[in-house]
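To find a chain, count down the sequence lines: A is the first, B the second, and so on, and within it residues start at 1. Because the structure is predicted, anything quoted here is derived from the model rather than measured.
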Protein chains: 2
Amino acid sequence: MADVAQAARKRVVRRQGNRRALLLEAAARQFLHQGYAAASMRDIAADAGMQPGSIYYHFPSKAELLVAVHEEGMRRITEAVAQALEKPGGPWARLEAACVAHLTVLLEGGDFFQAVMREMPAKSDPGRRRVTRMRDRYEEIFADLLDALPLPRGVDRHDLRLMLLGAMNWSYRWYRPGAESPAKIARKFLGFLRNRLDTGT
Amino acid sequence: MADVAQAARKRVVRRQGNRRALLLEAAARQFLHQGYAAASMRDIAADAGMQPGSIYYHFPSKAELLVAVHEEGMRRITEAVAQALEKPGGPWARLEAACVAHLTVLLEGGDFFQAVMREMPAKSDPGRRRVTRMRDRYEEIFADLLDALPLPRGVDRHDLRLMLLGAMNWSYRWYRPGAESPAKIARKFLGFLRNRLDTGT
DNA sequence: TATATCGCCGAACGGACGTTCGGGCGGCGG
DNA sequence: CCGCCGCCCGAACGTCCGTTCGGCGATATA
């Protein structure tokens, strides 16, 4: 029975081990650089070094391809942040670790999460609910981190989260590799919030 | 009966010039809600109540239509911020006025500037240089406002501008009318920066 | 009233799109 | 050594795209 199990696993590995991952990367790259609608299946296929029709062996449609890119992007960043939060520390240190991980994956972690930031499945897409649920659960991590923060009275943690995540998520539009590192940017952004900027004239 | 109404409107519009402005609004709306590539000339024409071929009387191509939407969006927000800065005030008050105007136009000022935030002309587009120059000049306003701020030593005003504008520009993704007003959001965001959040536990 | 111009119509064109499908090749189980 | 099946090819199909163009009614000019 070990033979059967091993053979089955080998078959599965072979099936998923082929060029499906390569194809997903090509799709993420094309979706990121051209946008979902402008990136044609022919572009993606050429990027992955295969024929357009061959894509449909791995994915049933272009829309599902985008959903798969989203799921991979969300999976990566969720894992990176979760791993960064394994280290113990105070509330501010934990938030900083999460922001550093978030920005690092976004800006230097390949095309998947940037593609997630750029393109969203259409409102009518049946796979949209899945990816929005993943996004909501991910952002809940930051909501919890902010809840754990000892903030002055009256600070709206909801809007604070929107500001912090918005500032970070927008960065993929202006970031160019080689200048400031994502970790440094994250720490600077957090510093702007932690320290008082108004010197009181 | 639709013919009669359409004919009447045509006569009225005719007296005001033509339907170019209406067409531009339809283009901004479609570009915003569907994205540039997914919005077809037929969609835009139908939204404006005309035939697809008629667009080409006003604009030479779809790409130029996007450029025109960008220019109108940038014109509107630049004017709104300039007008907000006419009132005298201290550095922080002036920055707050600019942020309030920026967020108000972005979130409640129609589809033009949101379309600008969502879609950019392609890198090969000859009109792209024009719109990027308009964007650069606009963001310079905020750079000047930050330069005028009496900030603590060592604060990176460049990254501070990227954080502030990024947080605001991202807001069109989560903002829904009826809740907090854009002005209130802008003031809260600025408050997070001005006041110290770290209570120093 | 003749005429030129403006603003738009309506139909068409060539091409690119997402997707389908029969077939073929190479490695693995028997 | 044969037959099977995972994986991909190559060519098509119908549809929709951006764009072009001849024409037409209404308006301004004379």
_Counting the atoms with a prime plus P, OP1 and OP2 as sugar-phosphate, which does Ala38(B) contact under 4.0 Å by heavy atoms, base, sugar-phosphate, or nothing?_
nothing

*Using a cut-off of 4.0 Å on non-hydrogen atoms, how would the nucleic acid contact of Ser40(A) be classed: base, sugar-phosphate, or nothing?*
sugar-phosphate

*Stepwise, does the side-chain contact (heavy atoms from CB on, under 4.5 Å) test hold for His70(A) with Met134(A)?*
CA-CA 9 Å; His70(A) 265 255; Met134(A) 292 181 79; over 6 Å; no

*Rounded to whole angstrom units, what separation is found between the CZ atom of Phe31(A) and the C1' atom of dG18(C)?*
12 Å

_Considering every strand and a 4.0 Å limit on heavy-atom distances, what is the contact class for Ala63(A): base, sugar-phosphate, or nothing?_
nothing

*Does the side chain of Ser54(A) get closer than 4.0 angstrom to OP1 or OP2 of dC9(D) through an N or O atom?*
yes

*Interatomic distance where CE belongs to Met41(A) and P belongs to dC9(D) [whole Å]*: 14 Å

*For Arg19(A) and dC7(D), is the shortest distance between a side-chain N/O and OP1 or OP2 below 4.0 Å?*
no

*Tell me whether the OP1 or OP2 atom of dC8(C) has a side-chain N or O from Gln51(B) closer than 4.0 Å.*
no

_dA16(C), OP1 or OP2 - any side-chain N/O from Arg42(A) closer than 4.0 Å?_
no

_Can you measure Gln34(B) atom CD to dC17(D) atom P for me and round it to whole angstrom units?_
9 Å

*Could you state the atom-to-atom distance from NE2 of His58(A) to C1' of dC7(D) in whole Å?*
7 Å

*Would Arg130(A) and Glu64(A) pass as an ion pair if we require N to O under 4.0 Å?*
yes

*Expressed in angstrom and rounded to an integer, what is the separation of Glu64(A) atom CD from dG18(C) atom C1'?*
15 Å

_Salt bridge or not between Glu72(B) and Arg75(B)? Use side-chain N to carboxylate O under 4.0 Å._
yes

*Taking atom types as modelled, is there a side-chain donor on Asp47(A) or Gln30(A) under 3.5 Å from an acceptor on the other?*
yes

*Could you tell me the separation between the OH atom of Tyr56(B) and the C1' atom of dG10(C), rounded to a whole number of Å?*
15 Å

*Please state how far atom OH in Tyr36(A) lies from atom P in dC17(C), giving the value in whole angstrom units.*
13 Å

*What's the OH-C1' distance between Tyr57(B) and dC8(C), to the nearest Å?*
9 Å

*Could Lys62(B) and Tyr36(B) be counted as a cation-pi pair, given that NZ or CZ must be under 6.0 Å from the ring centre and within 45° of the axis?*
yes

